[in-house]
Amino acid sequence: MIDIRLVRTDFDSVLSALRRRGVDPGEVRRLAALDAAASDLVRRRDEARAAVKALSREVAAAQRSGEGELSEQLRVQSREKGVEAGLLEKEAEAAAEARREALLRLPNLPSSEAPDGAGPDDNPVVRTWRPENCSYAPWQRVPHWDVGRDLGILDLESGAKLSGSMFPLYRGAGARLLRALTNFALDDHLRGGFEEIRPPTMVKTATMVSTGHLPKFSEEAYHVERDDLWAIPTAEVPLTSLGREEVLDEGQLPMRLTAATSCFRREAGAAGRDTRGLLRVHEFDKVEVLAYATPSQAGDVHAELLARAEGLLAALGLEYRVVDLCTGDLGSSSARTFDLEAYAPGTDRWLEVSSVSWFSDYQARRANIRYRPSRGGPPAFVHTLNGSALAWPRIWAALVEVNRNADGSVKVPDCLRGYMGGQEAIPAP
RNA sequence: GGAGGGGUGGCAGAGCGGCCGAAUGCGAAGCUCUUGAAAAGCUUUGGGUGAGAGCCCCGGGGGUUCGAAUCCCUCCCCCUCCGCCA
């Protein structure tokens, strides 16, 4: 959530920043009004409570000095004040709740550097990278579901038999390729100074709420009712919640974390889209990078996370482009996001394989993640950043399409061979 | 799953229903002393909100009371033992 004090002290800039992302100015004005009402009630409630406390002390004093009658009078007065305070308390709570709801509805202020735009079509491509001698021959124009089936490394039918459509099953070298990708990426991030985490994949409701995945997106997540646990849609959920209610030392920042987990998405809103192959699946593996940083570090860390994801794509030899999400397409928690899209020649599409976001203090405020400045002073909210590096099904798809040889076999990228027992290619049957 | 024990400030650890937002110790910061350091002594040292006075926070929520860290209910979490188990 954004800082309510900004709404009080700098209303106009909040208004214009949110207007860039298409927020109705009326929403912001309504929030300001709710805030004023809530503050007023809090003040009146506190005055009533202060009176109760003062009277209570007088009751005690009167009792000590044996003035029974006076004590009884004061007791009655205090009780009346207490009733008044109780009523004001209820009102103040309701007002605070209304304010909180309005506040939670507002998205983050976009970074001043985020490009303006109304939707996905307005996202500028900031750069494109391609390997040397990059070209696509006819035998690379085969979609991965055909390549995978022909080589016996992707068995979508069996996945569907076990769990339903959009639950892929990889086998043989296909499964090993996934494992290689995960080890390759984790090792790379370890060398970059990241701490490897293996978090739980099922989390409590409170954990989903603190990252903003609930209640808004409950339709998108798998829920185990008996135990009231949620299957994580991304490792961002447990990793961001790691810092929940914590006060970190500034010396620990930036704190860099990486985790490989399965991710689960119901894709309820995307029924019928991308139903073929690996473009959209209910369960997939992903390596995530995440950082907590001070506000002054955040810009560099954002660039660092982006560079890591790009580095992996380049090492894998995939042509990719970097897209700067415009204000109309930015996720609601994010101040700035770069998407990475890899080119898959067989399906002839740019596949979103990573999303690298800077959330400023929006998530940290909601999850209460702070740091203690080493120069002293009160704890301040950290900035959170995260990125996928990378999401494997689409990478897997792009890889088998790009690396398909004329004879139907698929070349294993150099960087993965060590993780594949030296295997240079997945042979055609 | 069964039986017990426990959740208090950065940590450890006290706390008859009424100067308790909280003793004490450790840790940390500042100062004095010292060539410097150690030691010693003195001082300071939780968070939220608010312009401030104030108000709130002793695992979460609710209740009793003029007044709750302290009493009651409830939920959560942790620990020990037993059982089961990859």
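From the 5' end on, the contacts that RNA chain B makes with chain A at under 4.0 Å to a non-hydrogen atom open and close at B:G18 to B:G67.
Summarising the base pairing, B:U64 is matched to no nucleotide, lacking a Watson-Crick or G-U wobble pair whose two defining distances lie under 3.5 Å. Across all strands shown, B:A40 pairs with B:U32; the Watson-Crick or G-U wobble distances both stay below 3.5 Å. Using the Watson-Crick or G-U wobble rule with both distances under 3.5 Å, B:C81 pairs with B:G2. Pairing for B:G50 is absent, judged as Watson-Crick or G-U wobble with the two contacts each under 3.5 Å. Nucleotide B:U45 has B:G27 as its partner under the Watson-Crick or G-U criteria, with both atom distances under 3.5 Å.
Residues passing the ring pair (Phe, Tyr, Trp, His ring centres under 6.0 Å) test with A:Phe167, sequence neighbours excluded: A:His282.
Across B:C57 and B:C20, the matching C1' atoms stand 14 Å from one another, rounded to whole Å. With P as the reference atom, B:A40 and B:C77 are 45 Å apart, rounded to whole Å. Nucleotides B:U35 and B:A22 are separated by 44 Å at their C1' atoms, to the nearest Å. Taking the P atom of each, B:U64 and B:A68 are spaced 11 Å apart, rounded to whole Å. Separation of the P atoms belonging to B:A39 and B:C56 is 42 Å when rounded to the nearest angstrom. Between B:U74 and B:C81, the distance separating the two P atoms is 28 Å to the nearest Å. B:C58 and B:G7: their C1' atoms are spaced 10 Å apart (whole Å). One P atom belongs to B:G62, the other to B:G27, and the distance between them is 40 Å to the nearest Å.
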- Do A:Asn108 and A:Ser333 pass the side-chain hydrogen bond (donor to acceptor under 3.5 Å, both in side chains) test, and can you show the C-alpha distance, the side-chain angles, and the key distance before you say yes or no? CA-CA 5 Å; A:Asn108 198 2; A:Ser333 302; over 6 Å; no

- Query: Going through the checks in order, is the side-chain hydrogen bond (donor to acceptor under 3.5 Å, both in side chains) test met by A:Thr294 and A:Glu250?
  - Reply: CA-CA 8 Å; A:Thr294 66; A:Glu250 183 173 345; 5.3 Å; no

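A heavy-atom distance below 4.5 Å is found between the side chains of A:Cys415 and A:Leu316. Side-chain contact check for A:Glu219 versus A:Arg266: some heavy-atom pair is nearer than 4.5 Å. Side-chain contact between A:Glu58 and A:Gln77 is absent, with no heavy-atom pair separated by less than 4.5 Å.
Counting non-hydrogen atoms under 4.0 angstrom, A:Arg5 reaches the backbone sugars and phosphates but no base. Residue A:Arg372 is classed as a sugar-phosphate contact, given heavy-atom separations below 4.0 Å to backbone atoms only. Among the atoms of the strands shown, none is found under 4.0 Å from any heavy atom of A:Glu72.
Between A:Leu74 and A:Arg45, the residue anchored closer to the 5' end of RNA chain B is A:Arg45, taking for each the nucleotide with the nearest heavy atom. Residue whose closest nucleotide on RNA chain B sits further toward the 5' end, between A:Phe381 and A:Ala50: A:Phe381.
For RNA chain B, the residues of residues 78-99 of chain A within the heavy-atom distance limit of 4.0 Å (strictly under) are A:Ser78, A:Arg79, sorted by number.
The 12-atom threshold is not exceeded at CZ of A:Arg100, counting heavy atoms of other residues, nucleotides or ligands nearer than 6.0 Å.
For the pair A:Arg191 and A:Asp188, the salt-bridge criterion is met [side-chain N within less than 4.0 Å of a carboxylate O].
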